[in-house]
Enquirer: 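Below are the structure tokens for one structure; questions will follow.
Per chain, numbering begins at 1; letters A, B, ... match sequence-line order. Treat the numbers as computed from the prediction; the structure is a model and nothing was measured. Keep in mind that the numbers below use all heavy atoms, side chains included, and drop hydrogens, waters and symmetry copies.
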Number of protein chains: 2
Amino acid sequence: MKTNHIANNSLFRGLPESDHEELARIGVKQDFLRGEIIFHEGEDGAGFYLVQSGMVKIYKISFDGKEQILHILGPGEPFAEVALFAGSAYPANAMAIEKSSVIFFPRQAFSDLISTQPSLALNMLGTLSLRLRQFAHMVEALSLKEVPGRLAAYILLENEKHQKNNEIKLPIAKSQLASLLGTIPETLSRILAKMTKQGLITATGSMISILDMEGLQDLADGETRLS
Amino acid sequence: MKTNHIANNSLFRGLPESDHEELARIGVKQDFLRGEIIFHEGEDGAGFYLVQSGMVKIYKISFDGKEQILHILGPGEPFAEVALFAGSAYPANAMAIEKSSVIFFPRQAFSDLISTQPSLALNMLGTLSLRLRQFAHMVEALSLKEVPGRLAAYILLENEKHQKNNEIKLPIAKSQLASLLGTIPETLSRILAKMTKQGLITATGSMISILDMEGLQDLADGETRLS
DNA sequence: CGCTGCGTTGAGCTTCTTCAACGATCGTGG
DNA sequence: CCACGATCGTTGAAGAAGCTCAACGCAGCG
């Protein structure tokens with residue numbers, strides 16, 4: 001049921017039931033297969049989206065074809081909200097990285113609702129602020145830390161999120177992770193190998209076990225090199 | 001007059017006069033000398049700011065002391081709005097890079113106002129979205145482009161902003177610019193020298209003249225190397 | 001006049017990317 | 001059910017880009 005997905009979302013929390021129904025009414029479910037494009041950078045932003053199931057990546061492509069992932073979004077997370085408020089064009093590309101369902105909210109209908117519902121506007125301010133904070137963190141990471149540091153930070157973050165006795169399963173392919181960390185698969189592979197050799201982690205397939213939490217922490221803080 | 005600065009701001013545009021007065025009432029003017037800290041990362045965010053005059057930088061510092069500038073803000077631009085909505089701690093440092101006056105809006109008073117004024121909330125959504133878009137651009141630039149490309153993009157952007165027959169005056173010190181571009185002064189200096197030698201620009205002090213617009217454009221797009 | 005901050009230049013080195021080849025895995029069609 | 005191809009991941013060698021460290025010139029200012 002679409003209404004459920006809408007009610008259980010931080011964006012829409014605290015809104016009256018009538019608004020949830022209204023939202024469910026204006027939202028359109030769309031399905032995408034792995035690899036399908038949801039929208040391209042520069043396209044006219046006709047509205048914004050909410051991930052219902054699956055996984056979506058937001059990314060940019062440079063002239064020479066290298067990709068940088070800006071976000072990876074899972075169920076319950078909204079994307080392309082920016083197109084609603086700042087200009088009309090989508091600022092990046094969106095692709096389903098696995099079979100996914102998303103709910104599309106057309107611009108006009110939604111923005112009508114928002115301008116009469118302060119609490120909805122406040123919720124959106126909250127999510128946008130959070131997004132902004134993540135970006136600030138990302139800029140910092142990209143410019144200040146070397147790749148091993150970024151990877152260490154990622155591993156620790158992922159570990160915090162799921163808390164399963166210091167063992168994490170990468171939610172995305174390694175090549176995708178490389179792009180998220182602002183590097184390329186080869187480099188990522190080498191660094192994983194190095195970390196393993198130094199006894200920081202063990203990596204088999206998409207499972208990573210943390211052996212030396214402190215060592216990783218030092219890397220993430222830039223106190224240590226992975227010589 | 002404080003009210004003027006408030007009225008002429010995109011954040012507050014379209015609000016009734018009474019709100020402008022209300023804002024002027026809750027806003028507190030603060031003055032800072034060049035180099036003075038406005039707030040530190042991690043400090044409890046008691047409110048947000050608006051630059052009245054001067055110039056403010058938002059930046060992060062890594063463990064080993066390297067700084068990355070996230071924003072440079074001039075008159076009329078707000079900062080630290082994020083602290084209002086997402087958590088209470090400031091996510092970065094703020095410093096006046098020249099003698100500056102800012103208006104400080106305490107958290108509670110402002111957020112009371114916002115929750116009853118949809119148009120104010122909408123304006124804030126607009127500026128936050130814009131900020132997000134800039135960040136997306138920055139992440140792209142940092143990860144995809146090499147330093148010459150970033151510098152070229154910066155020069156062209158600055159030129160667009162002021163449009164003075166292809167001649168720009170750097171608004172910030174070169175060491176600051178280096179940090180903004182995610183590099184260090186030495187590298188910036190070398191690249192400026194290279195660009196000059198290749199006939200793309202001439203640089204004397206803080207003045208830069210553009211000689212080969214196309215060449216710069218190609219660099220910014222990553223189509224060219226500065227061998 | 002000397003100090004301090006900023007910018008520049010050089011040399012050496014680390015890190016990352018590029019290019020190429022190869023191995024593993026998985027889904028599909030024969 | 002096997003074989004094939006595609007995608008993904010790994011590894012090696014070579015090169016480029018940027019960083020560190022160090023020295024120096026220059027300007028502004030007390």
Enquirer: Could you tell me whether the side chain of B/Arg225 has a donor or acceptor atom within less than 3.5 Å of a complementary atom in the base of C/dT17?
Expert: no

Enquirer: Between B/Thr183 and D/dC19, is there a contact of a side-chain N or O with OP1 or OP2 at under 4.0 Å?
Expert: yes

Enquirer: Of the candidate nucleotides D/dT10, D/dC8, D/dG18, which contains the atom at the shortest distance from the side chain of A/Ser189?
Expert: D/dT10

Enquirer: Name the nucleic acid region contacted by B/Arg150, choosing base, sugar-phosphate or nothing; use a 4.0 angstrom heavy-atom cut-off, strictly under.
Expert: nothing

Enquirer: Would you indicate, yes or no, if D/dT10 has its OP1 or OP2 atom less than 4.0 angstrom from a side-chain nitrogen or oxygen of A/Lys174?
Expert: yes

Enquirer: Where does the angle between the aromatic ring planes of B/Phe48 and B/Phe105 fall among parallel (under 30°), tilted (30 to 60°) and perpendicular (over 60°)?
Expert: parallel

Enquirer: With under 30° as parallel and over 60° as perpendicular, where do the rings of B/Tyr49 and B/Phe104 fit, or are they tilted in between?
Expert: tilted

Enquirer: Any side-chain heavy atom of B/Lys99 sitting closer than 4.5 Å to one from B/Asp31?
Expert: no

Enquirer: When you measure from the side-chain N and O atoms of B/Thr187 to the phosphate of D/dA17, is any distance below 4.0 Å, counting only OP1 and OP2?
Expert: no

Enquirer: Check the distance between D/dG9's P and A/Leu151's CG and give it to me in whole angstrom.
Expert: 14 Å

Enquirer: Could you tell me whether the phosphate oxygens of C/dG5, OP1 or OP2, come under 4.0 Å of any side-chain nitrogen or oxygen in B/Ser175?
Expert: no

Enquirer: What is the distance, to the nearest angstrom, from the CG atom on B/Leu144 to the C1' atom on C/dC16?
Expert: 15 Å

Enquirer: Counting distance only, does the side-chain N/O of B/Asp212 pair as donor-acceptor with the main-chain N or O of B/Glu214 below 3.5 Å?
Expert: yes

Enquirer: In whole angstroms, how far is the P atom of C/dT15 from the CD1 atom of A/Ile191?
Expert: 10 Å

Enquirer: What's the closest nucleotide to the side chain of A/Glu186 if the choices are D/dT11, D/dG18, D/dG9?
Expert: D/dT11

Enquirer: For A/Ile97 and D/dT7, give me the distance from atom CD1 to atom P, rounded to whole Å.
Expert: 17 Å

Enquirer: Just checking A/His71: does its NE2 atom have more than 12 heavy atoms from other residues, nucleotides or ligands closer to it than 6.0 angstrom?
Expert: yes

Enquirer: Could you check which of D/dC19, C/dG7, D/dG18 has an atom nearest any side-chain atom of B/Lys66?
Expert: D/dC19

Enquirer: Starting at CD1 of A/Ile184 and ending at P of C/dA20, how long is that distance when rounded to a whole Å?
Expert: 14 Å

Enquirer: Checking only heavy atoms, does the side chain of B/Arg190 share a donor-acceptor pair with the base of C/dG7 at less than 3.5 Å?
Expert: no

Enquirer: Between atom CG in B/Leu181 and atom C1' in D/dA17, what is the gap in whole Å?
Expert: 16 Å

Enquirer: Distance check needed: C/dT15 P versus A/Leu188 CG, whole Å only.
Expert: 17 Å

Enquirer: Between P on D/dA16 and CD on B/Glu146, what's the gap in Å once rounded to a whole number?
Expert: 12 Å

